[in-house]
Amino acid sequence: MSYLDELNPVQRAAVTTTEGPVLVIAGPGSGKTRVLTYRIAHLLESGVAPWEILTLTFTNKSAREMKDRIEKVVGPRAQQVWAGTFHSIFARILRTEASKIGYPSSFSIYDTDDTTSVLRAIIKEMNLDPNAYNASAIRSRISLCKSNLISPKAYRENTEMMTQDRAARRPYVVDIYEKYVARCQRSGAMDFDDLLFQLYRLFRDNPDKVLEKYQKKFRYIHVDEFQDTNFLQYAILRRLVKYEGSPENVFVVGDDAQSIYAFRGATIDNILDFEKDYPNLKTFKLEQNYRSTHHIVSAANEVISFNRRQLNKTIWTDKEDRHKIKLIKCVTDDEEGRRVADLILEQKHRYHLPNSEIAILYRTNSQSRKFEEHLRRLNLPYRVFGGMSFYQRKEVKDFVAYLRLAVNPSDEEALRRAINFPARGISDATVDKLSALADASNSTMWEAMLDPRLDVTDRAKKSMATFRNMVQDWQKRAATESAYRLAADILKKSGLLDLLKGDTSPEGIGRLENVNAVLDAISEFTDSAAAPAGPETVTATDNSLAAYLQTITLLTDADEKNDSNDHITLMSVHSAKGLEFKSIFVTGLEENLFPSYMALEEPNGLDEERRLFYVAITRAKEFLTLSFAQNRYRFGQIRVSEPSRFLDEIGGQHYELLGGIGSARSTGTMQREAPARASVSGNFTNPRQRALQKSAAPVAIPADFKASPLEDIVPGARVLHLKFGEGKILSVEGPKDNKVATIQFKNDDMPERRIVLKFAKLQVL
DNA sequence: TGACTGTGGGTTTTT
DNA sequence: CCCACAGTCA
């Protein structure tokens, strides 16, 4: 079989070990995807049916790419393999089994916005202070609970969490959580975490032996990016694989060094537990990097060696070097944008790089703007990923809300959105009453509209009756009529179409186009959705309107098609995981930005940031450029930053400091020299030592250091700063919650520093 | 009911 | 700086 010849010995061994549990530790660029796809092809070639193979990925895009690559080896049956994200595959299973856990199979999926909005409503109804109870903060706390299998009941019994909440002065989080769960249930809705959580419940409670059905069905299970799975995902996987007499054909691929989703509950423990849980485990390490040149691989190895806790492996390459890593030092973020854009232009000409081989990466999405400006200036085509996905746009969500309602009238978020947009005489007050009544009688807002106890004007009642009739009509037709025709009619009858047509501004025309694009997408989906075949019933309704609505919620903007245009890619480092480009720009390499100041406060946060940096630089095949700015607009004002410590962790021999106005004009006030020069001048023999020195406090801090309240920070005061030591306040300005002090520090080569008091810890002496 | 204004608050990463 | 929301006015 020829495809096996395209593999190196370790890769081949992994591919052909088809029986029993297998762990593949795969360094960046080591052919991980190739191994995964060829293994599946290999299984298919040896007679395994495509629907017996399950492959779980983290993005739709990588699932799709994988299927396409398998297809190249074995032909169209590859498309029948069960390959998709955890969320989409689980949604599909839940669709089939929903009735067993008290959900309609046309359940709605709440995206992050829907969830936040439900929480906001609950907080309001409970009369809690919306500042203390920040809806999106609570959303992430609930999300983390679900990922760790903590139900509201378990939450209440968990003294640690309850104590935390009391300390944070929001003791009612657990009540919000409880209400939220109840509300989702009665709305027939699942949030992202529910897609995992409810599937876990289904398998745990195992009604009608449903678990056995899937254990038998999925004879070969694969997990990509295993390092990014969370506790809940691991628990589900375990239930599918571990049972009496199981062949335990589970094949997981991951790299602990690329674990970047700990904030979302991912844990490297899963890799360690995996070895314990599966004693027959065979482990393979893919250590040869086929992607990047030697400078890049060495730099990556050096960086990652600063992390303590990691699996032992050595990534190497035999690619020869042509270019050193370039470092761009800028005075401002604007200069960074300009010089990156200029360098891209130069690289394109000199090396004939197509735009599609170039990517600018950054830590936070908000950094994209400066690059956009300067790319536009040079007429370079680009595309920004990570923004709002098509399906999150207002006009699309409005339309989709109506569709959701037609399929699942219990969906309260959809109801709230649709009921009075376009306006039809049902006021906010009425909606509040509906919600309260639904809550009190444990029914839904949809049913509450008919409740005789509802105390609203006759006019409002009439409007609601009309609305209900309209939706009911759609509901009936949803069972029989084609989804496209129904949707087109909904667009008209809802009044949305007229509203959009009335707006002839360019944006308005765009909105109309977007809504029409939804219609096209529906017809494409329902006509052609190639349901994975199989002798079972699991996929029967897969091209329904409900399935479409569930699918789109799980799409990100990276999944959207029209990728044919040749453009430069702008994205966060997180979204770049799994991708590769000839030329990579990693930007904003400054302390408190990359690594992020948020991460620096978390235990192990720095390690995760470092893995993120590792992921960033290993995306590059040939050209790697790093940049930082000494001054950057953040929080509405210019802030001074120092270069990222990560720059110090790469040996000077791999670097080249790029000249430019910025460095020539350099104020010379940087605390540290640029790494290239530092290493060359031999100031620091060993970057590791240097980093360790740096992480230690540079000034003696008394053990009883205690941050003083903001009111005490006034001009003239002498203060102690954790990092810069003793100093004098020259002035304080800015709004009360975002005060900035200008401080002159004693032992500092900067004449003065602007310190954002919100972040700094200062003690008045 | 909708459009406008001011204010206040938040900005890590995503399925 | 930018966004979302609340409150105000027509």
Side-chain angles (χ1 to χ4, degrees), chain A residues 56-63 84-91 109-113 115-117 120 124 130-131 134-137 139-140 143 146-147 190-196 225 228-230 232-233 259-266 333 361-367 369-370 385-389 391-392 394 420-429 499 550-559 571-577 588 592-602 605 608-609 611-613 615-616 632-639 734-738 756 758-759:
Chain A
L56 298 167
T57 62
F58 272 81
T59 63
N60 298 292
K61 198 170 162 222
S62 67
T85 62
F86 277 88
H87 291 84
S88 68
I89 296 276
F90 291 178
I109 297 177
Y110 281 175
D111 66 15
T112 309
D113 289 342
T115 298
T116 312
S117 144
R120 205 174 282 133
K124 196 175 158 197
N131 295 325
N134 174 289
S136 58
R139 188 194 55 76
S140 50
S143 168
K146 288 187 179 170
S147 313
M190 299 198 199
D191 63 22
F192 287 147
D193 301 300
D194 278 330
L195 295 173
L196 314 180
E225 309 282 9
D228 287 329
T229 52
N230 64 30
L232 177 52
Q233 287 163 324
S259 159
I260 54 174
Y261 284 106
F263 73 93
R264 208 166 86 182
D333 49 351
L361 308 183
Y362 32 75
R363 180 64 180 80
T364 66
N365 281 309
S366 61
Q367 287 164 254
R369 267 191 46 225
K370 274 282 168 240
F385 291 83
M388 216 190 314
S389 102
Y391 290 98
Q392 286 176 317
K394 182 183 179 305
N420 212 21
F421 188 85
R424 51 172 62 81
I426 304 170
S427 70
D428 288 353
L499 206 69
Q550 289 166 0
T551 306
I552 58 172
T553 313
L554 299 174
L555 295 179
T556 65
D557 70 336
D559 297 319
M571 56 168 58
S572 71
V573 181
H574 279 89
S575 5
K577 190 182 67 169
N592 296 321
L593 180 60
F594 198 178
S596 149
Y597 69 99
M598 295 291 286
L600 292 174
E601 289 172 8
E602 308 267 313
E608 173 137 324
E609 294 290 305
R611 289 192 295 268
L612 198 52
F613 183 56
V615 167
R632 178 179 297 277
Y633 263 101
R634 267 184 107 191
F635 305 100
Q637 29 198 322
I638 295 176
R639 294 191 66 202
K736 69 172 155 49
D737 270 350
N738 198 16
V756 180
K758 193 153 68 171
F759 302 111

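Here is the naming used below: chain letters follow the sequence lines, and residue numbers restart at 1 for every chain. What you are looking at is a predicted structure, and each value in this text was computed from that prediction instead of being measured.
- D111(A) comes within 4.0 angstrom of nothing in the nucleic acid, heavy atoms only.
- Taking every side-chain heavy atom of R369(A) into account, dC1(C) is the closest of dT13(B), dC1(C), dT11(B).
- Between atom CE of residue M598(A) and atom OG1 of residue T364(A) there is a gap of 12.5 Å, rounded to the nearest 0.5 Å.
- Between E609(A) and T57(A), the residue anchored nearer the 5' end of DNA chain B, judged by the nucleotide with its closest heavy atom, is E609(A).
- In this structure, NZ in K577(A) is found 3.5 Å from CG in D228(A), a value given to the nearest 0.5 Å.
- Heavy-atom nearest nucleotides on DNA chain B were determined for I426(A) and for S572(A), and the one closer to the 5' end corresponds to I426(A).
- The side chain of S575(A) approaches dT14(B) more closely than any other nucleotide in the set dT13(B), dT15(B), dT14(B).
- Between Y633(A) and dC1(C), no base-stacking contact is recorded for ring centres under 5.5 Å apart and planes less than 30° from parallel.
- Contact check, N230(A) against dT15(B): no side-chain N or O comes under 4.0 Å of OP1 or OP2.
- At the heavy-atom level, S366(A) lies nowhere under 4.0 Å from the strands shown.
- Taking every side-chain heavy atom of F263(A) into account, dT14(B) is the closest of dC5(C), dT11(B), dT14(B).
- Atom pair N134(A):CG and dA4(C):C1' shows a separation of 12 Å (rounding to whole Å applied).
- Between R120(A) atom CZ and dA6(C) atom P there is a gap of 8 Å when expressed in whole angstrom units.
- Between F86(A) and F90(A), the angle of the ring planes goes over 60°, which puts this pair in the perpendicular group of the 30/60° scheme.
- One finds the OG1 atom of T57(A) at 11.0 Å from the NE2 atom of H87(A) (value rounded to the nearest 0.5 Å).
- Spacing between atom CZ of R632(A) and atom P of dT11(B) amounts to 19 Å, rounded to whole angstrom units.
- Taking the charged nitrogens against the carboxylate oxygens, R139(A) and D191(A) have no contact shorter than 4.0 Å, which rules out a salt bridge.
- One atom, OH of Y261(A), and another, P of dT13(B), lie 11 Å apart when rounded to the nearest Å.
- Spacing between atom CZ of R424(A) and atom C1' of dT1(B) amounts to 14 Å, rounded to whole angstrom units.
- Rounded to whole Å, the distance from CZ on R264(A) to C1' on dT14(B) is 5 Å.
- Note: CD1 (I89(A)) to C1' (dT15(B)) measures 14 Å, nearest angstrom.
- Within 4.0 Å (heavy atoms only), F192(A) reaches at least one base atom of the nucleic acid.
- Distance CD1 (I552(A)) to C1' (dT15(B)): 15 Å, rounded to an integer number of Å.
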